[in-house]
Amino acid sequence: MPGRTRLGALAGAAMLILTTTLSLGAPALAHDDAALEFVFPQDPLATHFVNSFGDPRSGGRRHHGTDLMAPKLTPIYAVADGIVTVVRNGGSAGRWIAIEHAFGWESWYMHLNNDSPGTDDGRADREWTYAEDVVVGRLVRAGDFIGYVGDSGNAEGSGAHTHFELHHDGRVVNPYPYLADAYARALEDLPLAEYLSRISEDLVGIVK
């Protein structure tokens, strides 16, 4: 798991998001055949994750994503420009969203919140799961708020998190390298004062 140490600035690094224009009015997305660059989908200082892709799961399944562990109701953001293709509730995924991006990429966000604030009732109104304007067919931009971290579906009892999946041309790929890169850049973008303040709060909490 990436540490919480402030990473050194990468001289000359530049975000490539929004550099490629798609036809038919679809949104732009930075893309390289070897690597897709996107924004980190949650608050980096509130999120913990490890490379668990392919780990065994019950029933002989394999883990097809990365679990972004964070407090319930932590905001979730679109990793890149795209079109919302799924807004659904039910099954092991619980409440979830899928977004189609350029060049055959898709991102999936599962186990979104289904609890009323301060409860574990499984009866949250839509406003505590999805952003108000997140509906199928909606255009979103990288970094747009789309929903909240939760424990719906089979995540009940395992801790609030977003099960994040990345697909390319219909095939699931390990999202961890992309998330790790986005996480590092998200830390780089935090103002130093905010970073130090929040790290200090964490240390105080640990000491207590």
Side-chain angles (χ1 to χ4, degrees), residues 1-20 22 27-55 63-71 73-85 96-112 131 134 139-150 160-169 171-192 194-195 198-199 202:
M1 180 181 74
R4 290 193 168 192
T5 301
R6 179 72 172 175
L7 302 176
L10 299 177
M15 292 292 286
L16 299 180
I17 303 296
L18 305 178
T19 60
T20 303
L22 301 182
L29 177 68
H31 174 74
D32 184 294
D33 286 338
L36 173 68
E37 181 174 282
F38 51 63
V39 301
F40 195 68
Q42 295 176 185
D43 179 348
L45 294 184
T47 304
H48 304 272
F49 62 106
V50 298
N51 187 3
S52 59
F53 186 81
D55 285 358
H63 196 222
H64 285 169
T66 295
D67 291 337
L68 302 174
M69 311 301 296
L73 295 180
T74 296
I76 304 169
Y77 308 101
V79 295
D81 296 355
I83 300 172
V84 177
T85 55
W96 67 289
I97 296 169
I99 301 174
E100 182 178 332
H101 308 291
F103 307 105
W105 290 96
E106 289 182 85
S107 56
W108 296 9
Y109 314 75
M110 299 181 176
H111 306 314
L112 274 61
V134 168
L139 296 177
V140 295
R141 295 293 183 182
D144 280 356
F145 166 63
I146 57 173
Y148 292 105
V149 173
H161 68 277
T162 302
H163 171 91
F164 179 83
E165 290 190 16
L166 192 61
H167 297 246
H168 186 246
D169 290 338
R171 293 179 296 179
V172 66
V173 298
N174 185 356
Y176 180 82
Y178 303 95
L179 290 168
D181 176 69
Y183 178 90
R185 287 184 285 105
L187 291 181
E188 293 288 345
D189 291 340
L190 279 178
L192 183 59
E194 178 184 352
Y195 181 90
R198 296 181 62 182
I199 291 298
D202 288 346

Flag for H111-T162: side-chain donor and acceptor within less than 3.5 Å | no
Is the backbone N or O of L45 less than 3.5 Å from a side-chain atom of D43, with the two atoms forming a donor-acceptor pair by type?
-> yes
Might you point out which heavy atoms bring H163 and E165 nearest each other, and give the distance in Å?
-> NE2-OE2, 2.7 Å
Determine, step by step, whether V79 and H101 satisfy the side-chain contact (heavy atoms from CB on, under 4.5 Å) criterion, reporting the C-alpha distance in whole Å, the side-chain angles of both residues, the deciding distance to 0.1 Å, and the verdict.
-> CA-CA 9 Å; V79 295; H101 308 291; 3.9 Å; yes
Heavy atoms of A186 and P44 approach each other most closely as CB-CG, 3.9 Å
Intermediate values then yes/no, side-chain hydrogen bond (donor to acceptor under 3.5 Å, both in side chains), T47 and Q42 | CA-CA 7 Å; T47 304; Q42 295 176 185; 3.1 Å; yes
Answer yes or no: is there an ion pair linking D181 with R185, defined by an N-O contact shorter than 4.0 Å?
-> yes
Can you name the nearest heavy-atom pair linking P175 to T66, along with the distance?
-> CG-OG1, 3.3 Å
From I146 CD1 over to S107 OG, what is the distance, rounded to the nearest 0.5 angstrom?
-> 6.5 Å
Shortest non-hydrogen separation from F145 to G147 and the atoms involved | CE1-O, 2.9 Å
Here the gap from W96 atom CH2 to L112 atom CG, rounded to the nearest 0.5 Å, amounts to 11.0 Å
Go through the structure and list residues passing side-chain contact (heavy atoms from CB on, under 4.5 Å) with V173, not counting sequence neighbours.
-> W105, L166, H168
Contact summary for S52 and G65, nearest pair of heavy atoms = OG-O, 3.8 Å
Is the closest side-chain heavy-atom distance between L179 and P41 below 4.5 Å?
-> yes
Starting at CD1 of I76, measure out to CD1 of I97 and round the result to the nearest 0.5 Å.
-> 7.0 Å
Option passing ring-ring contact (aromatic ring centres under 6.0 Å, His included) with Y183 (candidates Y178, F38, F164, F40) | F40
Can you check whether A142's main-chain N or O pairs, donor with acceptor, with D81's side chain at less than 3.5 Å?
-> yes
Given side chains that start at C-beta, do those of T85 and I99 come closer than 4.5 Å, heavy atoms only?
-> no
Specify whether H167 and W108 have parallel, tilted or perpendicular ring planes, treating 30° as the upper limit for parallel and 60° as the lower limit for perpendicular.
-> parallel
